Structure formats: C-alpha cells, structure tokens
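What follows is one structure encoded as structure tokens, with my remarks underneath.
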There are 2 protein chains.
Amino acid sequence: MSNLLTTADEILASARILIMSGGYNGFSYADIAGIVGIRKASIHHHFPSKVDLVRTLVQRYREEGEAGVAALEQNVQDPLELLKIYAGYWAQCIEDASRPFCVCALLASELPSLPPEVAAEVRAFFRFVSTWLTSVMERGSQQGALRLSSEPRVEAEAFMASVHGAMLSARAYGAPEMFAAILAPTLERLSPAVVQ
Amino acid sequence: MSNLLTTADEILASARILIMSGGYNGFSYADIAGIVGIRKASIHHHFPSKVDLVRTLVQRYREEGEAGVAALEQNVQDPLELLKIYAGYWAQCIEDASRPFCVCALLASELPSLPPEVAAEVRAFFRFVSTWLTSVMERGSQQGALRLSSEPRVEAEAFMASVHGAMLSARAYGAPEMFAAILAPTLERLSPAVVQ
DNA sequence: TGTTGTCTACCTTCTAGTAGGGATGCTGTC
DNA sequence: GACAGCATCCCTACTAGAAGGTAGACAACA
C-alpha cells in the first residue's frame with residue numbers, strides 16, 4: 001500500500017471514468033487493466049465479475065452521495081442555496097473535465113439492458129436523490145425560501161430531470177457552459193425574492 | 001417485397017428498438033438477425049458496417065422528425081399547443097411500450113465513445129430540435145401565447161432538457177406516468193392565461 | 001446477363017471468466 | 001528469533017463464446 005489508493009479503489013475509479021464515457025457495455029476489463037497498470041486476471045481477484053464491479057461502484061457512488069449531502073446539510077441551511085450548490089457541483093464537474101456525467105444518469109438510460117443487480121442500485125440512487133430534493137423543496141416551501149408552483153415531490157423530480165437533461169445537452173453540444181445556462185432560469189424561478 | 005417493409009427497413013426498425021433499450025454498444029448484428037429472421041451476413045449486405053447502420057438510422061430519425069414537425073406546423077399554429085403535442089408524443093411513446101426512449105437522447109449519453117460519424121448525426125439531431133423549439137418559443141413570445149422567463153433559445157434548451165430528463169426518470173422509476181407529471185408544471189408555467 | 005438478396009462457412013479480435021503458480025507479508029507457536 | 005502456515009495479490013496461460021466482418025456460392029428475377 002505504497003499508494004494512497006488501494007488497487008480496488010483504482011479499479012473502481014477507472015471503471016467510473018470509463019462508464020461516464022460509454023456506459024456499462026462501453027468498457028471492458030482490458031480497458032481497466034490498461035489504465036490501472038495490472039493484468040485483466042488481477043481485476044477478477046478484486047471483483048469476480050463485471051456485475052460485482054459495477055454494482056459495488058454504484059453502491060459506493062450512492063453512499064458517497066449520501067455522505068456528501070449529509071455534510072452539506074450541516075453547513076448550509078438555506079434550501080435555495082442547497083439547490084444552487086447541487087447544480088453548481090455538476091456544472092463544475094462538467095466544465096472541469098468536459099467528460100463527466102452522472103454515472104447513474106448514464107446507466108439509467110441503459111436500464112432495460114442492465115444486469116438486474118446493477119439496475120436495482122441505479123434505481124436506489126434515483127430514489128435517494130429524489131427523496132433528498134423533495135425534503136429540500138418541502139423545507140423551502142415551508143420557510144418561504146423557495147417559490148414552488150406544484151407539490152414538493154413533483155418540483156423535486158422536475159428539478160432533477162432538468163439537471164440530467166442539461167447534462168445531456170451540454171454533452172451533445174460539446175458546450176459545458178450550456179449546463180449552467182439551462183439551470184439558471186430554473187433556479188431563478190424557484191427564488192422567492194424576485195418581484196415581477 | 002411481399003412484406004410492406006423492405007428488409008433494410010426491418011433491420012433499421014430492429015436496431016432502433018435495440019438501441020432504445022441498451023444504446024450503441026448494447027446490441028449486435030446477431031441480435032438484429034434474430035429479430036428480423038435473417039443471417040448476420042445478410043445484414044452486412046444492406047449495411048456494410050455497424051457504423052453505416054446506426055448513422056443511417058439516426059439520419060433517417062432526424063429526417064422523419066423534420067417531416068413530422070413540418071406536417072404538425074401546418075395543422076397547429078398555437079405555440080403552446082405545439083409544445084404540448086411534442087411532450088404528449090413522448091408521453092404516449094413511453095406509456096405505450098414502456099421501453100421507448102428518444103434514440104438520440106440515449107446515444108448522446110454515450111457520445112464520447114461513439115464513432116465520430118454517428119456522433120455527428122446525433123449532434124445534428126439536437127441542433128434540429130433545439131432550432132425548432134427556439135422558433136416555437138420566439139413565436140409564442142411575440143404572439144403572447146407563451147410566457148417566457150428568459151430568452152427563447154435558453155427556454156427552448158431548458159424545455160428540451162426537461163423532456164430528456166423526464167424520460168430518464170420515467171425509465172429509472174419504471175413509472176411511465178412520471179414523464180407527464182414532470183412535464184405538466186413546465187407546460188403550466190409557460191401558459192399565458194393563468195392569473196395568479 | 002447482370003443485379004439483388006440470402007445463404008454457409010469462415011476469419012480475427014475481443015469478451016468475461018478460470019486455473020494455477022509464484023511472490024509477499026502477516027500471525028501464531030515453539 | 002525462527003519457522004510453519006496462511007491469506008493476499010498479481011502473474012501467465014488458457015477457455016469458450018460473442019463481436020464485427022469477409023468470401024464466395026446459390027437462387028430469383030428483370
């Protein structure tokens with residue numbers, strides 16, 4: 001363990017990058033082996049099958065997301081600010097490396113052809129984000145910090161859909177700034193202070 | 001030609017269904033052969049390579065879309081109605097077969113790993129939809145038939161992103177009705193008549 | 001007679017996955 | 001401290017099957 005990351009972590013990180021680029025069927029153990037610098041067979045030692053690998057990846061992805069949200073909630077109370085930070089996180093990811101894309105958004109588009117174990121984890125991720133955003137919308141509505149035009153749950157789903165769709169557009173146009181441009185009016189609309 | 005469809009058309013139709021399920025890397029010539037009822041080699045007679053096949057598919061997809069929009073514009077003038085029909089088209093697609101998904105939205109998520117020829121066609125599709133929606137937004141704004149909160153182009157991109165994101169969510173939850181539920185407030189917001 | 005469409009048979013390369021060997025290092029026991 | 005035993009990790013070498021693609025024969029047809 002001379003490195004900061006274990007081999008298993010390096011494998012997961014490589015798989016994440018590869019999935020963000022081409023989805024579940026868009027990468028192979030050989031690709032990972034090339035990046036990490038070990039042999040294909042060694043990957044099977046850490047993750048017996050591809051399903052194991054991707055299931056673990058998505059599971060950790062959700063756990064990291066849950067931890068990140070928990071930490072965020074401790075520092076930031078304002079619901080509108082939380083939504084802006086959430087959108088800003090993705091804006092930054094997309095602009096930095098131009099490639100990044102929410103692993104789960106990408107996998108969700110392949111859902112019908114995904115191994116069941118992986119599909120279940122992807123659905124769990126969607127439920128997690130949806131639940132969190134709904135709670136933010138509810139608080140915002142109660143506190144008057146957000147101006148909702150429909151029920152919190154629907155507003156949360158619409159917001160998440162905007163984020164995912166904007167990612168897609170940014171990728172399609174090869175224009176990272178498109179993400180922020182699409183999200184801006186959505187956030188504006190949710191802001192309470194503006195008097196028309 | 002005993003059938004209504006030529007073999008080439010059947011191949012394209014099968015490829016479409018398969019791509020809607022698992023994307024570019026999620027299907028093979030063997031899959032198509034199985035559906036159409038011919039041998040792998042026969043597919044190569046119609047489409048020498050997989051790239052040829054998918055490029056043709058996406059190109060036709062856009063042409064059909066352009067023709068559909070042109071026909072629609074002749075029958076419907078009201079911009080809000082056009083947006084509702086556009087959203088309704090996808091809502092119906094998703095609810096009918098539960099699997100359908102805009103081929104180009106799905107391919108866009110795989111963009112970085114797509115063959116360049118296919119990627120170019122996918123981008124062309126996004127430009128087409130964006131251009132059309134922008135023109136609808138512009139007209140709607142001028143006529144007072146739509147209430148925009150930002151520039152027509154941005155509003156068009158945001159609308160398209162909502163549609164794509166809503167497709168993703170509907171797929172992730174396995175709940176087709178989620179699509180309409182997400183789009184409803186978006187359409188409501190664009191409606192001019194409502195007086196708060 | 002040439003064109004079109006399909007077939008069988010084959011090729012190469014890539015796929016996930018397996019078997020088993022060799023090195024390293026930790027741990028309990030004398 | 002020495003050593004046996006064991007787990008960890010990575011390796012080479014391999015498999016079976018699937019991938020996209022090719023060559024060439026055959027039949028139907030205009």
Side-chain angles (χ1 to χ4, degrees), chain A residues 1-19 21-58 106-107 110 112-119 121, chain B residues 1-58 60 106-107 110 112-119 121:
Chain A
M1 206 192 282
S2 62
N3 210 330
L4 279 170
L5 290 170
T6 65
T7 304
D9 287 336
E10 284 191 67
I11 292 168
L12 286 171
S14 313
R16 187 141 135 181
I17 291 169
L18 290 165
I19 288 178
S21 160
Y24 185 84
N25 292 304
F27 79 99
S28 72
Y29 270 37
D31 296 326
I32 296 178
I35 296 176
V36 177
I38 55 174
R39 298 297 164 136
K40 264 188 355 170
S42 305
I43 303 173
H44 283 282
H45 174 259
H46 297 278
F47 303 98
S49 77
K50 194 176 179 179
V51 170
D52 288 314
L53 169 56
V54 181
R55 188 175 35 72
T56 305
L57 169 60
V58 178
L106 208 151
L107 290 176
E110 300 179 295
S113 72
L114 243 38
E117 300 94 322
V118 176
E121 286 296 337
Chain B
M1 206 192 282
S2 62
N3 210 330
L4 280 170
L5 289 171
T6 64
T7 303
D9 287 335
E10 285 191 68
I11 291 169
L12 286 170
S14 312
R16 191 141 132 180
I17 291 169
L18 290 166
I19 288 179
M20 287 191 298
S21 160
Y24 185 83
N25 292 306
F27 79 100
S28 73
Y29 270 36
D31 295 326
I32 295 178
I35 296 175
V36 176
I38 56 175
R39 298 296 164 139
K40 263 190 350 170
S42 306
I43 303 174
H44 284 282
H45 175 259
H46 297 278
F47 303 98
S49 76
K50 192 176 180 180
V51 170
D52 288 314
L53 170 57
V54 180
R55 187 174 36 72
T56 306
L57 169 60
V58 178
R60 293 245 187 122
L106 208 152
L107 290 176
E110 299 180 295
S113 73
L114 243 38
E117 301 94 320
V118 175
E121 286 296 337

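Here is the naming used below: chain letters follow the sequence lines, and residue numbers restart at 1 for every chain. The structure presented is a predicted model; accordingly, all values stated were derived computationally and were not measured.
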Ile11(B) atom CD1 is separated from dG20(D) atom C1', nearest whole Å, by 15 Å

His44(B) atom NE2 is separated from dT8(C) atom P, nearest whole Å, by 15 Å

To the nearest 0.5 Å, atom CD1 of Ile19(A) lies from atom CG of Leu12(A) at 9.5 Å

Ser42(A) and His46(A) have their tightest heavy-atom pair at O-CD2, 3.2 Å

From NZ of Lys40(B) across to C1' of dA23(D) the rounded distance in Å is 14 Å

For residues 12-41 of chain B, the ring-ring contact (aromatic ring centres under 6.0 Å, His included) pairs (sequence neighbours left out) are Tyr29(B)-His44(B)

Report task. Answer yes or no: does a side-chain N or O of Thr7(A) lie under 4.0 Å from OP1 or OP2 of dC9(D)? Result -> no

Smallest heavy-atom separation, Gly26(B) atom then Asn25(A) atom, equals CA-ND2, 3.7 Å

- Message: With a 4.0 Å limit, can you tell me whether Ser42(A) has a side-chain N or O closer than that to the phosphate oxygens OP1/OP2 of dC9(D)?
- Response: no

Considering only distance and modelled atom types, tabulate donor-acceptor pairs under 3.5 Å from the side chains of residues 31-39 of chain A, sequence neighbours left out.
residue: Asp31(A); atom: OD2; partner: Ser28(A); partner atom: N; Å: 2.9
residue: Asp31(A); atom: OD2; partner: Ser28(A); partner atom: OG; Å: 3.4

Ile32(B) atom CD1 is separated from dT6(C) atom C1', nearest whole Å, by 16 Å

**Report entry** Stepwise side-chain contact (heavy atoms from CB on, under 4.5 Å) test for Leu107(A) and Glu110(A)
**Finding:** CA-CA 5 Å; Leu107(A) 290 176; Glu110(A) 300 179 295; 3.7 Å; yes

For Val51(A) and Val118(A), the nearest pair of non-hydrogen atoms, with its separation, is O-CG2, 4.1 Å

Between its two end axes (five pairs each) the helix from dT13(C)-dA18(D) to dC30(C)-dG1(D) turns, nearest 10 degrees, through 10°

Tested for side chain to side chain contact (heavy atoms under 4.5 Å, CB included) against Thr7(A), the lone hit among Asp9(A), Ile11(A), Leu5(A) is Ile11(A)

Expected list for residues 45-54 of chain A near DNA chain D, using heavy atoms below 4.0 Å, is His45(A), His46(A)

Whole-Å distance, Arg39(A) CZ to dT18(C) C1', equals 17 Å

Smallest heavy-atom separation, Pro112(A) atom then Ser21(B) atom, equals CD-O, 3.5 Å

Close N or O pairs between protein and nucleotides 20-25 of chain C (under 3.5 Å):
none

Per the under-4.0 Å heavy-atom filter, residues of residues 19-30 of chain B near DNA chain D come out as Phe27(B), Ser28(B), Tyr29(B), Ala30(B)

Residues Gly23(B) and Leu106(B): closest non-hydrogen pair is CA-CD2, 3.3 Å

